[in-house]
Each structure stands twice: as structure tokens, then as C-alpha cells.
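Let me begin by presenting the structure, written as C-alpha cells, before commenting on it.
When reading the values below, keep in mind they use all heavy atoms of this one structure, side chains included, and skip hydrogens, waters and symmetry mates. Throughout, residue positions are numbered sequentially from 1 according to the sequence presented.
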Amino acid sequence: MKNKTTKTSYRAYFAWNYQKELKALEEESRQGWQLVKGGCFHSKYTRDDGAVYRYALDYNNDLKPEDMARYRETFQEQGWEYINSTFNGWHYFRKEYDPALPESAYEIYTDDESLCQMQDRWRRLALTLCIAELIVAAANFLVYLTDGRNLFIACMSLAAALLLLYGYRRMRRERT
């Protein structure tokens, strides 16, 4: 039997439930699988039984390329290792786990203001996408009413808009 040294995991997580993704990444780490590339629908791991990591996700799609080095440096100064960023603004970090450290050492949002800023960035994007999906749904419903086409696309756009609205409201509730 071949000993695997890499694997890919296909899982989808909603932005408003990123804590669930963090728990899954940390469970993989405890089992010896260390994240080398996080992603929206799949993550890549390499086998390393010699380390256990805690992971952090930051959503920041406002970063300009010239600010990325300083952004990564800020996390590095706090002991976080940069893993990668996704096309839609999520940034993956990890820190080697030390049971002697308090849990607060593994939080990237050490104050409510920075957590609120991250959530606000995601919520702005979600609201924008929700409005766009509602416009697409309305346009496709009009096409359906006039010539009987595009009902499926209209329904899918409406479902996407409702899902984004749910996430928007959920993250808003968690903030209060």
C-alpha cells in the first residue's frame, strides 16, 4: 500500500460560517495533515505528523497589491505563517500549536473592532452580490413570462440571493 504524502479535500463553507472551516482545518492538522493551500471549495494538504497548527482566516478583499507585503508582515509579527490567499479575498494563516499558550494567542481578532471590520467587508460584498442576483432573477423571470425560457436560471438566481441575504443577516446577528 502506497503511503500518501498529499491529499485534496473538497468541502464548501459559507463565509458567515468560517469558524466551521477553521475547526475542520485544525482537525486535519491533529491527524497529521497540514494545509498548504486553502480554497473556496477545496484545500490541499501535505502529510506532517511532526507539527500541529491552529489556523486563522481573514477576509480582506480591499487589499491593494502594494499593501500585501505589509499585511503579511503584520501577521508574521504576531507569529502567524501566511499560507495563501483566494481570488475572493480570504487569507489563510497558521501558527504552531503550543498547549502552554492561552487560547487568546490563536485569535487574530484581538479586539471587537477588527472583527467587525472583517465582517463588514464580507457583508458589503454579500449585499452587493445579493442585489445583483435579484436583478438577474427579475430579468430572467421577465424572459420566462414573455417566452417561457430561463425559469431555472431565475429560480437559481433567486435562491442564491436568498442564501446571500441569510448569510448577511446571520453575520449581522453574530456581531450584536
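K7 contributes no side-chain N or O that, together with a main-chain N or O of W33, makes up a donor-acceptor pair within less than 3.5 Å. No donor-acceptor pair closer than 3.5 Å links the side chain of S29 to the backbone N or O of L25.
In the hydrophobic clustering of this structure, L22 groups with W16; members are Ile, Leu, Val, Met, Phe, Trp, Tyr whose side-chain heavy atoms approach within less than 4.5 Å, directly or through other members. M68 and F75 fall within a single hydrophobic cluster, where Ile, Leu, Val, Met, Phe, Trp and Tyr side chains are chained together by heavy-atom contacts under 4.5 Å. Under the 4.5 Å side-chain heavy-atom criterion for ILVMFWY residues, no single connected hydrophobic cluster contains both V143 and V136. Placement of L63 and Y82 within a single hydrophobic cluster is found when ILVMFWY residues are connected by side-chain heavy-atom separations under 4.5 Å, directly or transitively.
Between T46 and Q34, the side chains place no donor N or O within less than 3.5 Å of an acceptor N or O (distance only, hydrogens not considered).
Between G39 and E21, the shortest heavy-atom distance links the atoms O-OE2, 4.0 Å. When all heavy atoms of E96 and A51 are compared, the pair lying nearest together is OE2-CB, 4.0 Å. Minimum heavy-atom separation, D49 to R47: OD1-NH2, 3.0 Å.
In this structure, the side chains of Q78 and F93 stay at 4.5 Å or more apart for every pair of heavy atoms. Looking at Y92 and T86, their side chains come closer than 4.5 Å, going by heavy atoms from C-beta outward.
How far CZ of R123 is from CZ of R170: 14.0 Å, rounded to the nearest 0.5 Å. Between the CG atom of D58 and the CH2 atom of W80 there is a distance of 11.0 Å, given to the nearest 0.5 Å. Taken to the nearest 0.5 Å, the OH atom of Y59 stands 12.0 Å off from the OG atom of S85. Separation of atoms OH (Y13) and SG (C40) is listed at 12.5 Å; rounding is to 0.5 Å. One finds the OH atom of Y168 at 5.0 Å from the CG atom of L127 (value rounded to the nearest 0.5 Å). To the nearest 0.5 Å, the span separating CG on N140 from CD1 on I153 amounts to 5.5 Å.
Under the 6.0 Å cut-off for aromatic ring centres, Y53 and Y97 do not qualify, their centroids lying 6.0 Å or more apart.
H91 pairs in a ring pair (Phe, Tyr, Trp, His ring centres under 6.0 Å) with only one of the listed residues (Y18, Y71, Y55), which is Y71. The salt bridge (Lys or Arg N to Asp or Glu O under 4.0 Å) with E28 is formed by just one residue from the set R94, R11, K23, R54; it is R11. If you run side-chain contact (heavy atoms from CB on, under 4.5 Å) between C130 and each of L125, L165, I135, L163, only L165 comes through.
Within the structure, salt bridge (charged side-chain N to carboxylate O under 4.0 Å, His left out) pairs that include any residue of residues 29-46 comprise E27-R30 (at least two apart or interchain).
For the pair R70 and D67, the salt-bridge criterion is not met [side-chain N within less than 4.0 Å of a carboxylate O].
F141 shares a hydrophobic cluster with L134, Y144, L145, L151, L158, L162; the chain of contacts runs through ILVMFWY side chains whose heavy atoms sit under 4.5 Å apart.
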